[in-house]
Amino acid sequence: MGTLVRVVAGAAETGGALMVMEQRARRGFSPPRHVHRNEDTALWVRSGRITVEVGDRTQVVEEGGFVWLPRAVPHTFRVDSDEVDLVELASPGGIEGFHLDASDPAPAPDLPPPGEPDIPRLLASAGPYDVEIVGPPLAAG
C-alpha cells in the first residue's frame, strides 16, 4: 500500500497479548475504512500529522499524539504531513499476520515508490483476520 512497516513484536513474542508495529507513510496515504472485530488498536504518532476517523468522530493527531481505535468501530486515517512515523499497537496480538500477508518484503528500509494498492490482495488478506473493509480511504485534505 506504499508504506513501510516493521513488526516490532507480535503474538509469538508476547504470548498472544500484543502487537507492536512501526509504520512510515507519505502525505495522502489512507487505508480503506475498516473494522477490526477482534482487536483494540491504538496509534501513536512519533512524527508528522494524521487525520483519524473513528466511528463518527474525526480528529487531528499531531506529533506525540495518541488515538484509541476500539474493536468493532470503523476507522481510518490520512497522512496530512509530508511523511508520518507512527507506532500501531493492537491487543490481542495476531493482527500482524494481516499486515504481513498484504505486504511485500522491503528491499531497503525506505518507503517504496508510490503506486496503486493491490485491493484484491488486501481483501483476501483481511478475511482470515476478521478485518472487514467497510468504506473508502479518506479523501485528500
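The basis for the numbers below is simple: all heavy atoms, side chains too, and nothing from hydrogens, waters or symmetry mates. Predicted model only: the values in this text are computed from it and were never measured.
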**Complete:** Minimal heavy-atom distance between G93 and A11, with the atoms involved, is C-CB, 3.9 Å

**Prompt:** Does V84 belong to the same Ile/Leu/Val/Met/Phe/Trp/Tyr cluster as F29, with side-chain heavy atoms less than 4.5 Å apart forming each link?
**Reply:** yes

**Donor-acceptor contact present, side-chain R6 to main-chain E22, <3.5 Å** = no

**Request:** Indicate yes or no for a side-chain donor-acceptor contact from R121 to the backbone of D101 under 3.5 Å, with no hydrogens or angles considered.
**Result:** yes

**Request:** List the steps and the verdict of side chain to side chain contact (heavy atoms under 4.5 Å, CB included) for N38 and Y129.
**Result:** CA-CA 8 Å; N38 302 318; Y129 299 96; over 6 Å; no

**Check: A17 main-chain N/O paired with S91 side-chain donor or acceptor under 3.5 Å** = yes

**Complete:** For P92 and G16, the nearest pair of non-hydrogen atoms, with its separation, is CB-O, 3.2 Å

**Request:** Say whether, by atom type as modelled, one donor and one acceptor occur between the side chain of R46 and the main chain of D85 under 3.5 angstrom.
**Result:** no

**Prompt:** Got a donor-acceptor contact below 3.5 angstrom from the S30 side chain to the P137 backbone?
**Reply:** no

**Prompt:** So, R78 and E53, do they make that salt bridge, N to O below 4.0 Å?
**Reply:** no

**Message:** Does this structure show an ion pair linking E39 with R71, if we count only N-O contacts that are shorter than 4.0 Å?
**Reply:** no

Which side-chain N or O atoms in residues 54-69 pair as donor and acceptor under 3.5 Å with protein atoms at least two apart or in another chain?
unit_1	atom_1	unit_2	atom_2	d
R57	NH1	Q59	OE1	2.4

**Message:** Run the side chain to side chain contact (heavy atoms under 4.5 Å, CB included) test against E83 and tell me which residues pass, sequence neighbours left out.
**Reply:** R24, L111

**Item:** M21 and H99, any side-chain heavy atoms less than 4.5 Å apart
**Value:** yes

**Request:** Could you tell me the separation between the CD atom of E88 and the CD1 atom of I95, rounded to the nearest 0.5 Å?
**Result:** 8.0 Å

**Request:** Supply the atom-to-atom distance H75 NE2 to H34 NE2, rounded to the nearest 0.5 angstrom.
**Result:** 3.0 Å

**Prompt:** Are I119 and L123 side-chain neighbours, meaning at least one heavy-atom pair lies under 4.5 Å?
**Reply:** yes

**Asked** V87, V79: one ILVMFWY side-chain cluster at the under-4.5 Å cut-off?
**Response** no

**Message:** Membership question, hydrophobic clusters at under 4.5 Å side-chain separation (ILVMFWY): are L18 and F98 in the same one?
**Reply:** no

**Item:** Same apolar cluster: L4 and V7, side chain cutoff 4.5 Å
**Value:** no

**Message:** Distance check, rounded to the nearest 0.5 Å: L86 atom CG versus R49 atom CZ?
**Reply:** 14.0 Å

**Atom of V134, atom of P74 and distance for their closest heavy-atom approach** = CG2-CB, 4.0 Å

**Item:** D80/I50 under side chain to side chain contact (heavy atoms under 4.5 Å, CB included): CA gap, chis, key distance, verdict
**Value:** CA-CA 5 Å; D80 294 331; I50 61 176; 5.6 Å; no

**Item:** Any side-chain heavy-atom pair of V35 and V73 under 4.5 Å
**Value:** no

**Message:** Are L89 and L43 linked, directly or through intermediate hydrophobic residues, by side-chain heavy-atom contacts shorter than 4.5 Å (ILVMFWY only)?
**Reply:** no

